[in-house]
Enquirer: 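Encoded as structure tokens, here's the structure I'll be asking about.
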Amino acid sequence: MNIETKVKQTLKKIKVVVAPNLVGLGEGVPPNTKAGGKKGKILVALSGGKDSVVVAYLLKKFGYNIEGLYVDLCVGEHTKKCLEAVEKLCKELKIKLHVYNLKKEQGKTMKELWKKTKKIRLNNCAVCGVLKKWVLNREARKLKADKIATGHNLDDEAQTCLMNVFKGSINLSAGSGAITKNISDKKFIPRIKPLFYISENEIRKYALEKKLCFVEGKCPYAQDSYRIQVRKFVDGLLEKDKKNILKNFEVISKKQKTNEKINYCKICGEPSRNQICKRCELMNLKN
Ligand SMILES: [Zn+2]
């Protein structure tokens, strides 16, 4: 089965179906950027890497009403290159692109934050993840998007599941899936992962085949030695085994029926598990 059929199946499984009157990038059909109007909008989190680029390309091709969001972390050459790639892709595919500049919007650069979080032994990737999630949810709500789509793939997800097993926090993974589960709140925009069942290799192959514009290589500031270790292990597994890891988590997830209680952060008002959200905790760290 090819990647397009697999992604369509995933979207069907999570009930993210396209309105029948929409026109995508079908063979010989010009992209209809007005398709669907404000109805059923999906905001694609674009990083400039192959995964999110493929998500945007496929959703557009299938006729979804999408817009892109690039969170500019402002950390030099790498983020500049990524922004250029995203701009080029959106221009080619006629996707409306929104750029969120972290320095402008929050008055802090990632590098400044990393300096502080190093003291509490948080790795760069964890800090970046918290910030991006916060920005995505807030911006998606502002832009009246119904869903947020990210580029997480089979390999990423298998790694995350195993890391949570090793850390003894299985519940964290039980809530994950091709669509966020166990959270229903009007301020929380559900996140979907159309590439949830697609391996990294297959995605790279497809991106190259379609000549999509993306930046190769990891972020130079990536710093999650634990994930790197787990990645090495997962890389050695068969695709079938990686899928089985996720399947097992889906079984656990189905048994978890209770919805998580959501609070609103006392500082920023965003949905949070605690009284103060993780983003505000990080932003307010003392030197
Ligand atoms: Zn907050």
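Computed from a predicted model, the values in this text were never measured in an experiment.
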Enquirer: What heavy-atom pair brings Asn137 and Ile189 nearest, and what distance separates the two atoms?
Expert: OD1-N, 2.8 Å
Enquirer: Taking all non-hydrogen atoms of both residues into account, name the closest pair between Leu113 and Leu282 and its distance.
Expert: CD2-O, 3.7 Å
Enquirer: Applying side chain to side chain contact (heavy atoms under 4.5 Å, CB included), run through Lys205 and Ile3 and close with a yes or a no.
Expert: CA-CA 10 Å; Lys205 233 176 85 191; Ile3 181 169; over 6 Å; no
Enquirer: Just so I know, are the side chains of Leu73 and Cys128 near enough to count as touching, which here means a heavy-atom distance under 4.5 Å?
Expert: yes
Enquirer: Measure the spacing between CD of Gln9 and NZ of Lys6 and express it to the nearest 0.5 Å.
Expert: 9.5 Å
Enquirer: Do Phe249 and Leu162 have side-chain heavy atoms sitting under 4.5 Å apart?
Expert: no
Enquirer: CZ of Phe166: more than 12 outside heavy atoms within 6.0 angstrom?
Expert: yes
Enquirer: Output yes when a side-chain donor or acceptor of Asp146 lies under 3.5 Å from a complementary backbone atom of Lys41, and no otherwise.
Expert: yes
Enquirer: Just verifying a value: how many Å separate Lys132 NZ and Ile148 CD1, rounded to the nearest 0.5 Å?
Expert: 13.0 Å
Enquirer: Start with the C-alpha gap between Ile179 and Lys147, add the side-chain angles, then the distance that decides, and say whether side chain to side chain contact (heavy atoms under 4.5 Å, CB included) holds.
Expert: CA-CA 9 Å; Ile179 186 163; Lys147 301 269 187 307; 3.9 Å; yes
Enquirer: So, Tyr206 and Glu4: side-chain donor and acceptor under 3.5 Å apart, yes or no?
Expert: yes
Enquirer: For the residue pair Ile42 and Val16, establish whether any side-chain heavy-atom pair is separated by less than 4.5 Å.
Expert: yes
Enquirer: State plainly whether one hydrophobic cluster holds both Leu58 and Tyr197, where clusters connect Ile, Leu, Val, Met, Phe, Trp and Tyr through side-chain heavy atoms under 4.5 angstrom apart.
Expert: no
Enquirer: Got a second to check how far Ile198's CD1 is from Met1's CE, nearest 0.5 Å?
Expert: 9.0 Å
Enquirer: Can you see which heavy atom on His78 is nearest to which on Gly217, and at what distance?
Expert: CE1-O, 4.3 Å
Enquirer: Ignoring hydrogens, what is the shortest heavy-atom contact between Gly49 and Phe214? Give both atom names and the distance.
Expert: C-CB, 3.9 Å
Enquirer: Heavy-atom distance under 4.5 Å between the side chains of Pro194 and Leu11, does that happen here?
Expert: yes
Enquirer: Identify the two heavy atoms, one from Ile95 and one from Gly68, that lie closest to each other, and give their separation to 0.1 Å.
Expert: CG2-N, 3.7 Å
Enquirer: Flag the pair Lys108 / Lys116 as yes when at least one side-chain heavy-atom distance between them is below 4.5 Å, and no otherwise.
Expert: yes
Enquirer: Within the 4.5 Å heavy-atom criterion, are Tyr221 and Lys111 side-chain neighbours or not?
Expert: yes
Enquirer: Name all residues meeting the salt bridge (Lys or Arg N to Asp or Glu O under 4.0 Å) criterion together with Lys13; count only those two or more places apart in sequence or in a different chain, and write none if there are none.
Expert: Glu250
Enquirer: Shared ILVMFWY cluster between Val215 and Val55, side chains joined below 4.5 angstrom?
Expert: no
Enquirer: If every non-hydrogen atom of Ile245 is compared with every non-hydrogen atom of Cys161, which pair is closest and at what distance?
Expert: CG2-CB, 3.7 Å
Enquirer: Kindly say whether Lys103 contributes a backbone atom to a donor-acceptor pair with the side chain of Thr109 at under 3.5 angstrom?
Expert: no
Enquirer: Should Ile276 and Leu122 be counted in the same cluster of Ile, Leu, Val, Met, Phe, Trp and Tyr side chains packed under 4.5 Å apart?
Expert: no
Enquirer: If we ignore hydrogens and angles and just use 3.5 Å, is the side chain of Ser272 paired with the main-chain N or O of Cys265 as donor and acceptor?
Expert: no
Enquirer: With a 4.5 Å cut-off on side-chain heavy atoms, are Arg279 and Lys133 touching?
Expert: no
Enquirer: Do Asn164 and Thr160 have side-chain heavy atoms sitting under 4.5 Å apart?
Expert: yes
Enquirer: Is the cationic atom of Lys187 (NZ for Lys, CZ for Arg) positioned less than 6.0 Å from the six-membered ring centroid of Tyr264 and within 45 degrees of its normal?
Expert: yes
Enquirer: Stepwise, does the side chain to side chain contact (heavy atoms under 4.5 Å, CB included) test hold for Arg191 with His152?
Expert: CA-CA 11 Å; Arg191 288 191 293 269; His152 294 88; over 6 Å; no
Enquirer: Is it true that, when you exclude Lys119 itself, more than 12 heavy atoms of the residues, nucleotides or ligands shown sit nearer than 6.0 Å to its NZ?
Expert: yes
Enquirer: If the test is side chain to side chain contact (heavy atoms under 4.5 Å, CB included), which one of Asp72, Val75, Thr79 qualifies with Met110?
Expert: Val75
Enquirer: Cluster question for you: counting only ILVMFWY and a side-chain heavy-atom cut-off of under 4.5 Å, with indirect links fine, are Leu154 and Val234 together?
Expert: no
Enquirer: CG/Leu246 to CZ/Phe196 distance, rounded to the nearest 0.5 angstrom?
Expert: 4.5 Å
Enquirer: Glu270: what forms a salt bridge (Lys or Arg N to Asp or Glu O under 4.0 Å) with it, not counting sequence neighbours?
Expert: Arg138, Arg141
Enquirer: How would you list, by chain and number, every residue that makes a salt bridge (Lys or Arg N to Asp or Glu O under 4.0 Å) with Lys142, sequence neighbours excluded?
Expert: Glu139
Enquirer: Are Ile228 and Phe233 co-members of a hydrophobic cluster defined by side-chain heavy atoms under 4.5 Å apart?
Expert: no
Enquirer: For Tyr100, what residues pass the ring-ring contact (aromatic ring centres under 6.0 Å, His included) criterion, not counting sequence neighbours?
Expert: none
Enquirer: So Lys167 and Tyr226, side chain to side chain contact (heavy atoms under 4.5 Å, CB included) or not? Walk me through it.
Expert: CA-CA 10 Å; Lys167 286 178 183 166; Tyr226 192 49; 3.7 Å; yes
Enquirer: Per the side-chain hydrogen bond (donor to acceptor under 3.5 Å, both in side chains) rule, what does the pair list look like for residues 232-249, sequence neighbours excluded?
Expert: Asp155-Lys242, Glu239-Lys243
Enquirer: Using the test salt bridge (Lys or Arg N to Asp or Glu O under 4.0 Å), find all partners of Glu84 that sit at least two apart in sequence or belong to another chain.
Expert: none
